[in-house]
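Protein chains get the first letters and strands the later ones, always in sequence-line order, with residue 1 at the start of each.
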Amino acid sequence: MHRPLDFIRERVQADNAAGTYAGRVQTRFPPEPNGFLHIGHAKAVCLNFEVAAENGGACRLRFDDTNPEGEDAAYAQAIADDIAWLGFEPDGRAVHASDYFEHLYQWAEHLVSEGLAYVDDQDAETISATRGDFSTPGVESPCRDRSVEENLSLLRDMRAGRYDNGEKVLRAKIDMAHPNMLMRDPVMYRIRHIPHFRTGDAWCIYPTYDWAHGQSDAIEGVTHSLCSLEFDAHRQLYDWFLEHLPLPGDRPRQYEFARLNLTHTVMSKRKLITLVTDGLVDGWDDPRLPTLRGLRRRGYPPEAIREFCAHIGVARVNGVHEIELLESFVRTHLNRTAQRRMAVLRPLEVFITNWPRWDRPVEHRSAVNNPEDPPAGNRLVPFTERLWIERDDFMLDPPRKFYRLAPGREVRLRAGYFLRCNDVETDSDGKVVRLWCTYDPDTGDGQAPDGRKVRATIHWVAADHAVDATVALYDRLFTDPVPGADGRDPLESYNPDSWELIADAKLEPELAKTAPGEVVQFERLGYFAHDSGTPMLFHRTVGLRDEWANIQKRRQQGS
RNA sequence: UGGCCGGUAGUUCAACUGGUAGAACGUCGGACUUUGGCUCCGGAUGUUGCAGGUUCGAGUCCUGCCCGGCCAGCCA
């Protein structure tokens with residue numbers, strides 16, 4: 001079943017049918033190199049690259065480096081890396097808005113010559129104050145009617161560095177009473193005596209976003225310029241500039257779509273910076289962050305992110321996606337690809353009293369690596385008389401619907417035998433410290449010859465062969481589905497329990513061979529990513545669907 | 001306060017552009033199962049923001065209202 005086309009693809013198709021750009025489709029992904037990409041950007045990356053690819057077109061990576069403050073090459077590199085990790089290859093080398101600074105400047109002189117732009121001496125406050133507001137028109141600048149010659153010479157002086165920061169700006173001459181505030185003589189150039197990470201000190205005037213973006217699109221031959229909804233009002237300006245310039249080719253068009261929002265997290269650059277600088281998270285690649293680097297460290301497969309983006313589609317409605325939907329794509333992908341292993345996070349000792357320790361101190365059991373992928377084969381797991389099992393898999397006094405181990409109960413050990421709990425050893429506080437059990441030697445194939453059934457299969461690790469590891473468990477970064485809803489500070493709903501470290505997890509020996517960055521499934525627990533820097537540190541990517549947890553949750557909430 | 005853009009199951013999107021509303025995730029129930037996973041089957045949830053109007057017929061067109069988002073940076 002194919003999804004119907006979204007409004008952007010519909011438009012592209014219509015343009016192709018009408019021969020608008022002679023069948024050519026070109027897009028671009030235009031980040032500013034002043035921060036890291038997050039999953040919201042991934043949506044735009046997927047859209048731009050996929051729309052181009054679907055139509056045999058090209059998509060470039062273009063850095064929107066029009067404001068030297070805060071921008072630098074390290075961010076640009078990180079962004080390029082993240083795009084590559086996501087699985088996209090930009091057309092050609094990355095380009096930059098700064099590549100067009102000279103071209104832009106010539107065009108600015110052209111507009112000045114046409115009487116469509118002027119140099120304004122007013123300072124920022126004055127310009128702001130005279131812009132008017134939603135109900136009152138702005139006041140025209142006293143500089144608005146300067147002659148072309150004077151404007152040209154002033155603009156050249158601006159470029160030559162004869163003025164201080166903020167002393168003059170170049171403005172488009174449009175309409176100070178326009179209902180769209182962006183059309184009230186918008187600023188095109190501002191003076192900033194700051195070195196730029198690519199052009200050095202070649203320039204001291206820098207183009208604004210509005211003056212650079214559409215023109216860059218036109219220079220590159222972009223046909224469909226896709227951006228987020230908040231640029232909707234800018235489209236009018238985008239078109240105005242392009243209409244008044246001698247373009248080298250077809251005129252690009254801007255289309256806006258809703259950016260991606262996810263529950264229980266924040267996406268705005270400012271809020272993410274706060275989290276990092278306030279030490280609420282551990283750097284830009286903290287696995288709880290929605291940054292691509294964070295998700296990567298957490299073990300999210302790029303394919304899952306792409307599938308998620310394809311699934312949510314593109315529309316003009318601003319909404320919030322449930323993080324659970326993203327997680328379901330992660331699970332679906334990892335279920336097919338991740339190898340299964342056994343790990344015990346909260347160990348409880350099991351002693352098997354009838355194990356033939358003298359004949360067989362250790363038996364190597366064969367375990368399936370991935371039932372969803374038979375070619376992944378099998379591995380051997382040591383089994384001994386002393387095992388670790390999960391504390392949660394045993395209850396002294398089991399409630400209804402608890403199928404796991406309890407006094408007198410029998411369960412199956414995964415890839416092992418049936419195990420019966422005969423006796424429980426507790427310490428002086430009543431805490432269970434050891435289970436005395438027996439195994440059934442006739443159940444080595446997982447079945448009982450007499451046909452008796454068990455309700456549960458639990459995982460285990462041989463105590464004397466266990467490998468120690470540190471396991472980090474993660475929960476939602478924010479407790480509120482929409483942090484900062486109704487105007488409150490998002491940080492108020494920061495979840496202090498979003499992170500838990502288990503220092504003494506017990507892992508099956510095979511896990512010592514896990515490659516850096518590899519994601520495996522700890523059976524019955526979830527998917528875990530081996531840290532790429534710290535050996536034997538595992539991050540929980542996402543848990544498995546857990547019906548027992550659901551039953552407990554329902555019990556807590558309801559009746 | 002003016003302009004623009006939106007409003008369809010809990011959530012995100014559909015509905016061939018006027019013919020009595022569907023999918024995915026979630027949820028509930030069942031089957032299967034050496035992961036309470038996976039897979040499969042089935043159920044529930046909507047006065048399509050509200051009120052009028054046009055029409056044989058409106059989620060689709062018109063009018064008014066309500067609600068949400070964006071816009072008054074020399075940020076992008």
Please tabulate, one pair per line, each protein N/O and nucleotide N/O from nucleotides 30-34 of chain B that are separated by under 3.5 Å, including the distance.
residue	atom	partner	partner atom	Å
B:U34	O4'	A:R412	NE	2.8
B:U34	O4'	A:R412	NH2	3.0
B:U34	O2'	A:R414	NH2	2.5
B:U34	O2	A:A415	N	3.0
B:U34	O4	A:D445	O	2.7
B:U34	O4	A:G446	N	2.7

Which atoms of nucleotides 3-6 of chain B (N or O only) lie under 3.5 Å from a protein N or O atom, and what are those distances?
residue	atom	partner	partner atom	Å
B:C4	O2'	A:D232	OD1	3.4
B:C5	O2'	A:R316	NH2	3.2

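For the C1' atom pair drawn from B:A58 and B:A15, the interatomic distance equals 14 Å after rounding to whole Å. If you take atom C1' in B:U39 and the same atom in B:C32, they sit 8 Å apart, rounded to whole Å.
Looking at heavy-atom distances under 4.0 Å, A:P30 makes no contact with the nucleic acid at all. The residue A:F329 sits apart from the nucleic acid: no heavy atom pair falls under 4.0 Å.
For A:R404 against B:G36, a side-chain-to-base donor-acceptor contact under 3.5 Å is present. Residue side chain A:E322 reaches the base of B:G10 through a donor-acceptor N/O pair under 3.5 Å, judged by distance alone. Between the side chain of A:Q521 and the base of B:U35, a donor-acceptor pair under 3.5 Å is found. Contact of A:H311 with B:A23 (side chain to base): no donor-acceptor pair of N or O atoms is detected under 3.5 Å.
Under a cutoff of 6.0 Å and an axis angle of 45°, A:R159 and A:Y105 form a cation-pi pair.
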Side-chain donor/acceptor pairs under 3.5 Å, residues 135-143 of chain A, sequence neighbours excluded:
residue	atom	partner	partner atom	Å
A:S135	OG	A:D133	OD1	3.2
A:T136	OG1	A:D133	N	3.3
A:T136	OG1	A:D133	OD1	2.9
A:E140	OE2	A:R144	NH1	3.4
A:S141	OG	A:D120	OD1	3.0
A:S141	OG	A:D120	OD2	3.2
A:S141	OG	A:Q122	NE2	3.3
A:S141	OG	A:C143	N	3.0

